[in-house]
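Worksheet: one structure, shown below.
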Amino acid sequence: MGKTSRIRSKVKVKQKPKKIKLKPDGMLAKHWDPKATVQENYKNLGLSYNMNRSTRLAESVQEKTPAVLEIEEAVKYGVSAVKFCSPGEKDFVEGMVAKHGSNYKAMERDRKLNFYQHTEAQIRKKCEKYQKLYGSTD
């Protein structure tokens, strides 16, 4: 006659959250305790783990730890970020300047070379960046 259907119940298994291990590098590595929690390490370093509590923590902590002094020293004499043009961006600017000179409006309308449809301001910024890094675009 008719088939009887059997009802299957699905049991959802909760997955445990993945434990993230932080491995700091540079100047924090020598002050980092791998057995302590992240919050404890931040507290020992004199840093704030929770930005909402940072103002209260800053008022209560008067002395600076060696790690904080080292970070402040590195920030004083820090290196600025290295700026570069990708090879594709370099070819894009060189092609546009070769074809249109300094006419940014024409560069914007050129659909063959400007296939990403950059605006006039975006193209101007790319050309200025290229000029700073490589000199004249002519």
Side-chain angles (χ1 to χ4, degrees):
M1 308 255 191
K3 266 188 172 179
T4 59
S5 63
R6 205 167 98 193
I7 298 174
R8 292 185 181 179
S9 63
K10 293 185 179 181
V11 177
K12 291 185 179 181
V13 179
K14 290 185 179 180
Q15 293 182 349
K16 293 180 181 177
K18 199 174 196 180
K19 191 170 186 178
I20 299 171
K21 291 209 173 193
L22 286 177
K23 294 181 181 177
D25 59 338
M27 62 189 95
L28 288 181
K30 58 185 169 187
H31 301 287
W32 193 266
D33 181 16
K35 293 182 181 178
T37 64
V38 176
Q39 290 180 357
E40 290 170 352
N41 275 313
Y42 274 37
K43 187 176 178 183
N44 293 340
L45 293 171
L47 303 173
S48 174
Y49 178 76
N50 186 348
M51 292 305 293
N52 294 328
R53 297 182 187 168
S54 66
T55 54
R56 285 181 267 152
L57 184 69
E59 292 169 0
S60 65
V61 176
Q62 297 297 327
E63 59 189 54
K64 294 184 180 179
T65 62
V68 172
L69 294 173
E70 193 174 336
I71 292 169
E72 287 178 351
E73 191 68 25
V75 169
K76 264 190 221 173
Y77 305 108
V79 180
S80 63
V82 178
K83 293 187 170 53
F84 68 95
C85 273
S86 67
E89 189 174 346
K90 186 177 175 184
D91 293 341
F92 170 77
V93 171
E94 288 172 350
M96 287 294 218
V97 170
K99 187 170 181 181
H100 299 290
S102 62
N103 187 355
Y104 298 112
K105 197 67 175 170
M107 291 180 193
E108 178 186 16
R109 289 188 306 250
D110 187 353
R111 293 293 175 230
K112 287 189 178 179
L113 290 177
N114 186 12
F115 50 87
Y116 287 120
Q117 298 182 1
H118 293 298
T119 63
E120 182 180 350
Q122 289 172 324
I123 295 171
R124 181 178 287 118
K125 284 181 186 176
K126 287 180 185 297
C127 290
E128 288 171 359
K129 179 179 173 184
Y130 181 86
Q131 285 175 349
K132 284 181 184 177
L133 293 173
Y134 302 109
S136 179
T137 55
D138 296 332

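Here the OH-CZ distance, from Y116 to R111, works out to 14.5 Å after rounding to the nearest 0.5 Å. Note that the NE2 atom of H100 and the CZ atom of R109 stand 8.5 Å from one another [nearest 0.5 Å]. Taking NZ of K105 as the start and OG1 of T119 as the end, the distance is 9.0 Å to the nearest 0.5 Å. Atoms CD and SG, on Q131 and C85 in that order, are 11.0 Å from each other to the nearest 0.5 Å. How far CD1 of I123 is from CZ of F92: 4.5 Å, rounded to the nearest 0.5 Å.
The shortest non-hydrogen separation linking V93 to C127 is CG1-SG, 4.0 Å.
Counting heavy atoms from C-beta on, the side chains of K126 and M96 never come closer than 4.5 Å. Side-chain contact between L113 and M107 is absent, with no heavy-atom pair separated by less than 4.5 Å. Residues E89 and K129 meet the side-chain proximity criterion, which asks for heavy atoms closer than 4.5 Å.
No donor-acceptor distance shorter than 3.5 angstrom exists from the side chain of N41 to the backbone of W32, with no hydrogens or angles considered. In this structure, the side chain of N114 engages the main chain of H118 through a donor-acceptor pair within 3.5 Å.
Ionic pairing of R124 and E120 is present here: one or more N-O contacts between side-chain nitrogen and carboxylate oxygen are shorter than 4.0 angstrom. For the pair E40 and K43, the salt-bridge criterion is not met [side-chain N within less than 4.0 Å of a carboxylate O].
Side-chain heavy atoms closer than 4.5 Å link hydrophobic residues (I, L, V, M, F, W, Y) into clusters, and following such links, even through other members, never connects L69 to L45.
The 12-atom threshold is exceeded at OH of Y104, counting heavy atoms of other residues, nucleotides or ligands nearer than 6.0 Å.
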